[in-house]
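Down below is the structure, laid out as structure tokens.
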Amino acid sequence: MAIMTGNASAPAPSPALVKDSNTKNFMADVIEASRSTPVLVDFWAPWCGPCKQLGPLLEKLVNEKKGAVRLVKINVDENQQLAAQMRIQSIPAVFAFANGQPVDGFMGALPEGQLRQFISRLTAETGGTEVASVLDAAEEALADDDPATAGQLYAQALHMDRENIRAICGLARAQIKSGDLDGAAATLALVPPAKANDPDVLSVRAQLDLSGKASDPRETARLMAAVEKNSADHQARYDLAIALNNAGKREEALDHLLAIIARKRDWNDEAARKQLVQFFDAWGPKDELTLAGRRRLSSLLFS
């Protein structure tokens, strides 16, 4: 498809997410701009009824993406030569550009659900590698005990893809590690309802719940003394396990809960087993201690 390129020395594209353009600025606003961010081009006219329905929806969805995609609006009455070059036969007509080339498109006013799919497919295809790269860097920073840098990177990835579960959960983890529990709760509120039971989401929710139970060294010492004095004090051992986990002593916490289960499995309506399952959720299904703990728990329950 031949496309009018205009003046090759056109100015840099505006950072606006939605803008009106024309034949003269098409090269800068669409072709060049799409080399860094996907661009939707909406060909419309003031007299077109379906255009008046589609335009606001496109603007809404593009703004929701917060920079992952841009929208350029072209009035075909004022830019007839460009419309002819693009072979526009009916309006509204929408073309998606990426890396300087048209990659997708449709004609007519689509419903909101189909529009969301169209835009999500475009941003996933063109931005997925970049988002994944940012997330990899974020996870490396979190593993290096740098939650501030990790949080910034996760937020950057979330800016590119607002429904990315890996970014949402990662940002919440960084906030928990920084002590910002309210921020973590607000971040988890971004999880789409359809992903509420995602294993990663459940893991972070469990971490957040456990993090709300502060660990006091003096209280931990008191609980240790109580357990040493009376090994059958299941409540003290249970509270000690939670305190130890919050202090990062996960293996010791695991041992104490398993000790309760071994001594009196049904104590307090199986509170020890339920707490242990929450630990496993918080540690993650692939964590070595989770795997070992599940094996030990199964051995106790089915022996």
Side-chain angles (χ1 to χ4, degrees), residues 12-21 25-44 54-74 92-106 109-141 149-175 183 186-195 198 200-201:
S14 164
L17 298 182
V18 179
K19 68 184 299 184
D20 293 303
S21 188
N25 294 317
F26 190 81
M27 172 61 110
D29 291 342
V30 177
I31 305 299
E32 294 302 328
S34 73
R35 298 188 189 282
S36 58
T37 305
V39 176
L40 295 177
V41 185
D42 177 20
F43 289 91
W44 70 286
L54 179 66
L57 264 180
L58 281 173
E59 293 183 24
K60 169 190 169 184
L61 299 181
V62 166
N63 280 312
E64 283 182 2
K65 285 296 185 179
K66 300 183 183 299
V69 64
R70 301 184 186 279
L71 174 64
V72 170
K73 301 174 70 66
I74 302 288
V94 175
F95 287 85
F97 281 76
N99 298 316
Q101 298 292 329
V103 294
D104 206 348
F106 63 87
L110 298 182
E112 183 171 341
Q114 291 184 34
L115 285 177
R116 284 188 182 278
Q117 293 176 7
F118 180 84
I119 294 174
S120 294
R121 184 169 65 249
L122 174 67
T123 55
E125 290 173 352
T126 57
T129 301
E130 183 180 359
V131 172
S133 177
V134 173
L135 289 172
D136 288 344
E139 289 173 0
E140 184 176 343
T149 299
Q152 292 174 356
L153 290 168
Y154 280 123
Q156 181 182 339
L158 198 55
H159 181 78
M160 290 186 259
D161 182 358
R162 66 192 300 271
E163 295 187 352
N164 188 297
I165 292 298
R166 189 178 165 197
I168 293 173
C169 292
L171 178 57
R173 284 195 180 94
Q175 291 167 322
T187 297
L188 285 175
L190 300 175
V191 174
K195 295 287 186 178
D198 183 278
D200 207 19
V201 174

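Bear in mind that the values here come from a model prediction, so they are computed numbers and not experimental data.
- L71 pairs in a side-chain contact (heavy atoms from CB on, under 4.5 Å) with only one of the listed residues (V39, V41, V62), which is V62.
- Once rounded to the nearest 0.5 Å, the distance linking NZ of K65 with CZ of R116 reads 8.0 Å.
- How far CG of L190 is from CG of L171: 8.0 Å, rounded to the nearest 0.5 Å.
- Scanning both residues, A157 and L135, for their nearest heavy atoms gives CB-CD2, 3.6 Å.
- The two atoms that bring T187 and Q175 nearest to each other are OG1-OE1, 2.7 Å, heavy atoms only.
- The side-chain heavy atoms of V94 and L54, taken from C-beta on, include a pair separated by under 4.5 Å.
- A search for side-chain contact (heavy atoms from CB on, under 4.5 Å) contacts involving L110 returns F106, Q114, L115, not counting sequence neighbours.
- In this structure, the side chain of S34 engages the main chain of I31 through a donor-acceptor pair within 3.5 Å.
- With rounding to the nearest 0.5 angstrom, the CD atom of E112 is 5.5 Å from the CG atom of L57.
- The aromatic rings of F26 and F43 sit tilted, their planes meeting at an angle between 30° and 60°.
- Atom CG in L40 sits 12.0 Å away from atom CZ in F95 (nearest 0.5 Å).
- Remark: E59 engages K73 in a salt bridge (charged side-chain N to carboxylate O under 4.0 Å, His left out) (not counting sequence neighbours).
- By the neighbour-count criterion of 12 heavy atoms within 6.0 Å, atom CD of E64 is densely surrounded, having more than that number from other residues, nucleotides or ligands.
- Of all non-hydrogen atoms in A109 and P92, the two that sit nearest each other are N-CG, 4.0 Å.
- Proximity of R173 to C169: side-chain heavy atoms (C-beta onward) are separated by under 4.5 Å at one or more points.
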Could you go through V191 and D198, starting from their C-alpha distance and side-chain angles, then the distance that decides it, and tell me whether this counts as side chain to side chain contact (heavy atoms under 4.5 Å, CB included)? CA-CA 10 Å; V191 174; D198 183 278; over 6 Å; no

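- The line from CG of L158 to CD1 of I165 is 9.5 Å long, rounded to the nearest 0.5 Å.
- Atom CG of L58 sits about 9.0 Å away from atom CZ of F118, to the nearest 0.5 Å.
- Contact detail for N25 and S21: the closest heavy-atom pair is CB-OG, 3.6 Å.
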Which is it for I74 and V30 under the side chain to side chain contact (heavy atoms under 4.5 Å, CB included) test, yes or no, and what are the steps along the way? CA-CA 11 Å; I74 302 288; V30 177; 5.7 Å; no

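- With contacts defined as side-chain heavy-atom distances shorter than 4.5 Å, the pair P38/I119 does not qualify.
- When the salt bridge (charged side-chain N to carboxylate O under 4.0 Å, His left out) test is applied to D136, the partners found at least two apart in sequence or on another chain are R166.
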